Number of protein chains: 2
Amino acid sequence: MKVYKIPEATVMRLSIYSRFLHQLLEDEVNTVASGDIASGVGVSSAQVRKDLAYFGEFGTRGVGYKVEELYGHLMKILGLDQNWNVIIIGAGKLGSALALYKGFEDRGFKVTSILDVDNKRIMKQIGDVTVESLDLLEERVREQGIKIGVVTVPAAAAQDVTDQLVAAGVKAILNFSPRVIKVPNDVILRNVDLSVNLEVLSFNLALQK
Amino acid sequence: MKVYKIPEATVMRLSIYSRFLHQLLEDEVNTVASGDIASGVGVSSAQVRKDLAYFGEFGTRGVGYKVEELYGHLMKILGLDQNWNVIIIGAGKLGSALALYKGFEDRGFKVTSILDVDNKRIMKQIGDVTVESLDLLEERVREQGIKIGVVTVPAAAAQDVTDQLVAAGVKAILNFSPRVIKVPNDVILRNVDLSVNLEVLSFNLALQK
DNA sequence: CCACTAAAGTGAAACTTTTCTCGATTATTT
DNA sequence: AAATAATCGAGAAAAGTTTCACTTTAGTGG
């Protein structure tokens with residue numbers, strides 16, 4: 001089985017499957033068929049099986065998958081069998097909300113640093129992290145072994161902050177700013193553009209009128 | 001030219017192109033080639049032309065596109081030649097951050113209602129909107145002509161809140177809760193799953209190790 | 001222990017999206 | 001006025017993704 005290139009859509013679905021399995025675990029369900037997962041998350045059963053097939057054979061023909069076992073596999077595949085320290089740059093409303101977002105902690109992401117340039121925000125307490133100066137970026141990344149950075153600064157500052165994260169050795173960046181930013185090839189970038197998402201809705205609404 | 005089915009990826013890129021064009025407008029650039037847009041937002045020039053081709057012929061061969069004109073077309077296509085009133089359900093950190101998010105206002109999305117079930121949040125002031133009881137959902141949707149709802153409630157409440165939005169006549173939903181929710185066919189749904197995004201990063205980091 | 005049923009796994013087909021290539025058109029230069 | 005350069009638009013090709021249909025295997029009931 002070749003694991004050359006996994007479609008990003010597959011990875012996103014795996015993440016969703018894993019959360020669905022977690023629900024099943026809590027309900028003490030032991031086995032689950034691809035069709036159950038499929039109807040639970042709104043895809044086809046063939047899709048579920050194809051997605052899993054990239055990584056191995058986890059099921060038993062005629063029976064299905066053991067929930068706990070498959071869940072373990074998925075968490076491992078997603079790299080969630082470990083904890084990740086995360087740094088957030090930008091302590092505005094969005095950065096603060098993300099820092100306090102329970103969904104991250106539940107999945108093994110721990111926000112260990114929040115930095116900002118604005119003196120009014122520095123020293124502010126967010127959860128159990130204190131906002132610090134952006135000058136400490138490199139130091140915090142190094143001492144906390146941070147691989148993942150989250151950018152929640154205004155568009156104008158996004159590229160600059162990203163460059164600093166890259167220079168400090170961060171390997172993956174989640175960008176919430178509404179600006180296209182560039183990173184070297186060996187750094188993984190994902191954009192969560194809140195406006196784009198609303199605009200896709202707007203487009204579809206305008207279309208059906 | 002058939003406008004039967006536009007890929008969602010195309011719509012998302014149009015949104016990004018339009019913001020890039022807005023920058024050019026501010027810099028008083030008059031014309032732009034598909035290649036300029038392409039390198040500005042990190043796609044291929046053929047991709048830009050194909051995306052635009054779904055909607056018409058906006059350029060001049062040998063020359064390029066008039067920035068202002070193309071910008072106007074894109075805004076129209078995206079349904080941003082009008083303002084949209086938006087209701088947010090869930091006045092927690094994330095809901096509050098979104099309500100105050102400047103990027104929405106800039107693009108014609110106005111948050112006119114924020115509702116919650118929690119009495120501790122009701123009456124709170126967020127920007128110039130006061131948090132109100134979820135009981136007012138139908139009333140506010142009706143009187144404010146709301147088509148777009150944003151769900152920022154905990155996973156357990158997401159489906160229930162969504163059903164209420166649908167019942168009230170909302171036609172498009174942006175779901176931030178980490179739960180797969182179901183809507184009728186005629187309602188447009190988009191999910192912004194913050195954890196999924198981090199997990200895609202985690203997957204790729206784990207892969208390259 | 002054999003027939004039957006359920007469901008995973010898989011190769012091929014269908015479909016979708018992106019990239020390539022090239023003819024057409026416009027502006028510019030000589 | 002003709003040659004040249006730039007760049008769009010579109011059909012074809014390529015690549016990628018999803019769905020289909022079938023084969024295989026494990027468990028179950030007679």
Side-chain angles (χ1 to χ4, degrees), chain A residues 1-17 20-21 24 29-74 77 196 200 203-204, chain B residues 1-17 20-21 24 29-71 73-74 77 200 203-204:
Chain A
M1 168 206 31
K2 287 249 206 64
V3 188
Y4 254 125
K5 178 74 199 327
I6 312 295
E8 193 165 277
T10 290
V11 180
M12 295 175 74
R13 284 191 298 265
L14 292 181
S15 166
I16 291 166
Y17 301 161
F20 180 71
L21 291 175
L24 295 185
V29 177
N30 288 315
T31 51
V32 66
S34 59
D36 302 336
I37 300 175
S39 58
V41 309
V43 300
S44 74
S45 64
Q47 180 85 82
V48 172
R49 294 197 301 276
K50 259 282 139 72
D51 285 338
L52 297 177
Y54 282 106
F55 302 95
E57 304 188 4
F58 304 122
T60 308
R61 295 175 184 204
V63 181
Y65 304 89
K66 286 189 188 167
V67 175
E68 194 170 350
E69 197 182 297
L70 183 56
Y71 178 72
H73 281 299
L74 290 184
I77 290 166
V196 164
V200 173
F203 168 84
N204 284 292
Chain B
M1 168 204 34
K2 284 248 208 66
V3 188
Y4 214 46
K5 178 76 198 327
I6 312 293
E8 193 165 277
T10 289
V11 180
M12 295 175 75
R13 284 191 297 266
L14 291 182
S15 165
I16 291 165
Y17 301 161
F20 180 72
L21 291 175
L24 294 184
V29 177
N30 289 314
T31 51
V32 65
S34 59
D36 302 336
I37 300 175
S39 57
V41 309
V43 300
S44 74
S45 64
Q47 180 84 80
V48 172
R49 295 198 299 276
K50 259 283 137 70
D51 286 338
L52 297 177
Y54 283 106
F55 302 95
E57 303 187 6
F58 304 122
T60 310
R61 296 176 180 199
V63 182
Y65 304 88
K66 288 189 187 167
V67 176
E68 194 169 350
E69 198 182 298
L70 183 55
Y71 177 73
H73 281 299
L74 289 184
I77 290 166
V200 174
F203 169 83
N204 285 291

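All of these numbers come straight from a predicted model, not from anything done at the bench. By convention in this document, chain letters (A, B, ...) are assigned in the order of the sequence lines, proteins followed by strands, and residues within each chain are numbered from 1.
- Among the nucleotides C:dT18, C:dT10, D:dC8, the one closest to the side chain of B:Arg13 is C:dT18.
- Residue B:Arg61 has its side chain nearest to C:dG23 when only C:dG23, C:dG9, C:dT26 are considered.
- The side chain of A:Ala33 approaches C:dA8 more closely than any other nucleotide in the set C:dT19, C:dA27, C:dA8.
- Comparing atom distances between the B:Val63 side chain and each of C:dT19, C:dT26, D:dG27 picks out C:dT26 as nearest.
- We find that CG of B:Asp51 is positioned 14 Å from C1' of C:dT16, with the value rounded to whole Å.
- Atom OH in A:Tyr54 sits about 18 Å away from atom P in C:dA8, given to the nearest Å.
- C:dA24 atom C1' lies 11 Å from atom CD of B:Glu57, rounded to whole Å.
- The distance from atom CD of A:Gln47 to atom C1' of C:dA14 is 14 Å, rounded to the nearest whole Å.
- Put simply, CD1 on B:Ile37 is 12 Å from C1' on D:dC8, counting in whole angstrom units.
- For the side chain to side chain donor-acceptor pair (under 3.5 Å) criterion with B:Ser34, the lone passing option out of B:Gln47, B:Lys50, B:Arg49 is B:Arg49.
- Residue A:Lys50 places its side chain closer to D:dT19 than to any other of C:dT17, D:dT19, D:dT24.
- Across the protein-nucleic acid pair, B:Leu52 atom CG and D:dC8 atom P stand 9 Å apart, rounded to whole Å.
- Look at A:Ser34 and you'll find a side-chain N or O under 4.0 angstrom from OP1 or OP2 of C:dA8.
- Here the nucleotide nearest the side chain of B:Arg49, chosen from D:dC8, D:dA12, D:dT19, is D:dC8.
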